Protein chains: 2
Amino acid sequence: MADQNPDQGSLNCFTCQTRDRTEWCVLDDAELQLLNKGRVTKEYLPGEVIFHEGDPCRGVFCLETGMVGVRKTDADGNSVLLYLVTPGDTLGYRAMLAGEDYRASAEALEPTRICVIDVPTVRSLLGHNPALGLRYLKRVSMSLGNAEEKILHNATLSVRARFAHLLLVLIDKYGEKSTNGPTEFELPLSRHDLASMIGTTPESMSRTIKKMESDGVARFTGRIVYIPEIETLVQEFEPDHFV
Amino acid sequence: MADQNPDQGSLNCFTCQTRDRTEWCVLDDAELQLLNKGRVTKEYLPGEVIFHEGDPCRGVFCLETGMVGVRKTDADGNSVLLYLVTPGDTLGYRAMLAGEDYRASAEALEPTRICVIDVPTVRSLLGHNPALGLRYLKRVSMSLGNAEEKILHNATLSVRARFAHLLLVLIDKYGEKSTNGPTEFELPLSRHDLASMIGTTPESMSRTIKKMESDGVARFTGRIVYIPEIETLVQEFEPDHFV
DNA sequence: TAAATAAATTGACGATGGTCAAATCAAACA
DNA sequence: TGTTTGATTTGACCATCGTCAATTTATTTA
């Protein structure tokens, strides 16, 4: 009677645990049927590439378990890590909606299970259900707002301030919610990836971490961060922030 | 019998010269009627602010004549110039589609005529015509791709390489089309604004321009740039670019 | 046209942060 | 457990770029 298996995840879109957190929450049963038919599940191990910059768009990816990093690399091999994609997030929709090839690559950072929905299915759903389009419009528009904010931050803030901000964002998204007081948190990323999220080098990342420790702002043990007082991070980020 | 006046521009959406270049090109006559009713024309002088960061979204702006700059400023007064908006472009749609307040400000850089379409009208059109939503999806998605590219460039390229890239983009968008050979072009921006488009200071901008001149890459006379060979700019931007 | 205001440039200086190489640490594996 | 491999840290160095102040050049305005 078990219609889903903890080792294999959901068998279809109807029983999918993460569906309510995706854009597909606006679909009716008939549309879900269509979605389910256009769907294939794939699994990736850490380091495996889901798509490459320049590849033609294969569809939209729904992350069920694991974590994916979206990277953009230039001709000289320099790269930035743009996004972390976690369960309930959709991946690859930008290229599909823009009608372009991928302009970034996606790589599994943990063992990851993903459903791929092919392009014709997504196009058909978008053409028939305006609410789905509006959902995506909201998502892409908010994402654009965040990207623009990042452009400002990278242009005006120091590496240290950008790192403080990154910590706040990571804790807010993936950590326990606690506005103030001491916080412990496990970073989901290597030093190298932390660096490429804020547009710097692993060496500068190391030195920034060391400096923050000596200043008593945070303590780092491997990927564990201990922050005595979250508010100090906010002050790092906004020098003239006051209560 | 003249249904439009060169000094006042189009009187309505039906006779609007720039409509075909906007998202509204997918609307039928009934929808145009609605659009026209939700529309108010406004004029701005250089320096006048159209909307401020933090303001609630007032609608979507259609630029008929002139030029608008979209800026983002932080608490310390540092700012970046994110976009130049020219006739046929739409403005302010990001906030509207994200359902957020404005996260950037818009300011006229030249005498500018703009039609403002109120939020309910845009919402209504989006809800009824899926093609309009798809148009906006494409626009926002491409914009997001460009923003992500900018994040990579700002993180990995020098001020000089970023400026070379900016020149190429400006010439491509607002200049005569010529892939190779000498090009003359009038920059639409002050040194200060050029600087804030690539996330640097006016001082560094000046020095970069001076260096480029002494290297024979380009000559600057006020806002006029003369580039003996466009290809050299491409090489500045992609060090290992070859034909 | 002269005076006033703003924009752009130049100079001097220093800090931030990138690069390269070496050392240390951690983790995977035989 | 010893070994190998990769990740992280540290050191030394210096180029790029930002900051501040002063000057020159344009642009307005009276």
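Per chain, numbering begins at 1; letters A, B, ... match sequence-line order. Being a predicted model, the structure only gives us computed values, none of them experimental.
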Legend entry - Euclidean distance, atom CG of residue B:N154 to atom C1' of D:dT16 [Å, nearest integer]: 15 Å
Legend entry - Rounded interatomic separation in angstrom, taking CZ from A:F163 and P from C:dG17: 14 Å
Inset, instruction - Heavy atoms only: give me the nearest B:M205-B:R191 pair and the separation to one decimal. - result: CG-O, 3.8 Å
Legend entry - Gap between atoms CG and C1', on A:L189 and D:dA7 respectively (whole Å): 14 Å
Inset, instruction - Determine the interplanar angle of the B:Y102 and B:F51 rings, folded into 0 to 90°, and report it as parallel if under 30°, tilted if 30 to 60°, perpendicular if over 60°. - result: parallel
Inset, instruction - Using atom CG of B:L157 as one end and atom C1' of D:dA15 as the other, report the distance to the nearest whole Å. - result: 16 Å
Inset, instruction - For the pair A:E53 and A:R71, find out whether any cationic side-chain nitrogen is under 4.0 Å from an anionic carboxylate oxygen. - result: no
Inset, instruction - Take the protein atom CG of A:L187 and the nucleotide atom C1' of D:dA7, then report the distance between them rounded to whole Å. - result: 15 Å
Inset, instruction - Figure out the CD1/C1' separation between B:I224 and C:dA8, and round it to whole Å. - result: 17 Å
Legend entry - Those residues of residues 190-210 of chain B lying under 4.0 Å from DNA chain D by at least one heavy atom: B:G199, B:T200, B:T201, B:E203, B:S204, B:R207
Legend entry - Length of the CZ-P vector between B:R223 and C:dA7, whole Å: 10 Å
Inset, instruction - Decide, yes or no, whether a salt bridge links A:K72 with B:E148 under the criterion of side-chain N to carboxylate O below 4.0 Å. - result: no
Inset, instruction - Enumerate the residue pairs fulfilling salt bridge (charged side-chain N to carboxylate O under 4.0 Å, His left out) with a member in residues 151-163 of chain A, sequence neighbours excluded, ordered by first and then second residue. - result: A:R160-A:D215, A:R160-A:E236
Inset, instruction - Answer yes when A:R223 and A:E186 have at least one side-chain N-carboxylate O distance shorter than 4.0 Å, and no when they do not. - result: no
